[in-house]
Amino acid sequence: MSKSLQAIRGMNDILPEQTPLWRYFEGTVARLLDNYGYKQIRMPIVEFTELFKRSIGEVTDIVEKEMYTFEDRNGDSLTLRPEGTAACVRAVLEHGITGGGQVQKLWYIGPMFRHERPQKGRYRQFHQIGLEVFNLDGPDIDAELIIMTWRLWGELGIRDAVKLELNSLGTSESRGHYREALVEYLSAHHDKLDEDSQRRLKTNPLRVLDTKNADTQAVLVDAPKMADYLDDESRAHFEGLKARLDAVGIPYVLNPKLVRGLDYYSKTVFEWVTDKLGAQGTVCAGGRYDGLVEQMGGKPTAGVGFAMGIERLVLMLETLEQIPEEISRQVDVYLCAFGEEAELAGLALAERVRDQLPNLRLQVNAGAGSFKSQFKKADKSGALYALILGDDEMAQQVVGFKPLRGQGEQQSIAWDALAAHLATCVVQG
Ligand code: ATP
Ligand code: MG
């Protein structure tokens, strides 16, 4: 017997019973981003491998061990995108849409790929909504990104379950000074560091700060603090951000160990974290990357952005039972017809109703069936009302209108009056 076909581990189907919640989430975010003046951009899912090496950095977890890289038929090395910022920067440079200081406020949505160990909230194909702003260098825009996500948590009903962690990595100069001090301190304690941290000390020392190893964490307690190395510019930027968050009343926790996984951040970094999802607690993360565009061959261009993990946020909505009632019902009205003549009349009637009520979710029974079986399907569909067309109704040019949930007797409605009647009893989404 042949082996049954399976999806790749860590790459999930999103089944029909799950998609309403995904669409609700995605729709809520999209509407919010529209309202704040952000425009959607769509990039390819595959890019040259070089793009990610150059932007994310050679000595990051992503580039070292998480990328899906392959050679295509031309012999080019390609990679399934592990995140969106690199491709977004490539796209704005390629199309010249950030030239001359042009401001761009962009967002994107789609699958990302990382070869990680699959577990709850961590997958190999996962989905992000990401956002990037170019050519605005002040703390006001950093604040706007955070304020916008704060509003999103409010609309989704999960605001009490997330916490904002904030740090500043400073300008590249101040980070350089800090890195020196940190390397000097950690080198003096080299033997007490775990193996991974010893390696990072040479390649990417700031990453030692977010180690999970308890011994290394103990060494870090007395390590130099980034906050003491911020230059005036970085400090003013960070204060400006905090003042704006205070003005709107958004609580935050300063986390000096927050460094983020990617190489390209400067000044502001932040994460929204939750304790509701176990180990995979970060639902949205981002920061400023003023050096990245230049590093990728463009003119010096300020940049700031974030990405949120859709799987983790959908899981949160489920865990906290913040699933709006209306999304679980996908049918308003179910039309049952008995006999061929009624079926034909029913089809025409359904199209007339749809012309007049384009948002009505009207399902017409397919596959014929007895009165009992059609009624069962109507009920199972979740519809609020059944429409019935049988011999009697055909003779009188009416349709039987039967409430399926709660009170009310069946009534007869004239075909011509049906749309108007439905408009009064179904709230259309
Ligand atoms: P983590 O520390 O959890 O590995 P990260 O720092 O690697 O996250 P980012 O690159 O900042 O993650 O991606 C932004 C967001 O995308 C994360 O906060 C998370 O919500 C989501 N995310 C990242 N990797 C995965 C994954 N493998 N599966 C599901 N969601 C993910
Ligand atoms: Mg990661």
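For clarity, every value in this text was computed on a predicted model and none was experimentally measured. Remember, it's 1-based here, ligands and their atoms both numbered in the order they're listed.
Of all the heavy atoms of R122, the ones lying under 4.0 Å from any atom of ligand 1 are found in both the backbone and the side chain. At a heavy-atom cutoff of 4.0 Å, ligand 1 is contacted by no atom of I62, backbone or side chain.
Residues I158 and L152 are not in side-chain contact: their nearest non-hydrogen atoms beyond the backbone lie 4.5 Å or more apart. Under the 4.5 Å side-chain criterion, counting only non-hydrogen atoms from C-beta, L209 is not in contact with M226. Side chains of M308 and V283 form no contact here, defined as non-hydrogen atoms less than 4.5 Å apart. Between V92 and L106 there is a side-chain heavy-atom pair separated by less than 4.5 Å. Here the side chains of H237 and R288 are in contact, with some heavy-atom distance below 4.5 Å.
In terms of polar-atom proximity, defined here as any N/O pair under 3.5 Å, Q128 does make such a contact with ligand 1. At least one N/O-N/O distance between Y123 and ligand 1 falls below 3.5 Å.
A heavy-atom separation below 4.0 Å is not found between E83 and ligand 1. Residue-ligand proximity: Q280 is placed with every non-hydrogen atom at 4.0 Å or more from ligand 1. Under a 4.0 angstrom heavy-atom cut-off, R114 registers as being in contact with ligand 1.
Residues satisfying the ring pair (Phe, Tyr, Trp, His ring centres under 6.0 Å) criterion with Y185, sequence neighbours excluded, are H189.
Selection from T60, L313, V259, T282 by nearest heavy atom to atom 18 (O) of ligand 1 gives T282.
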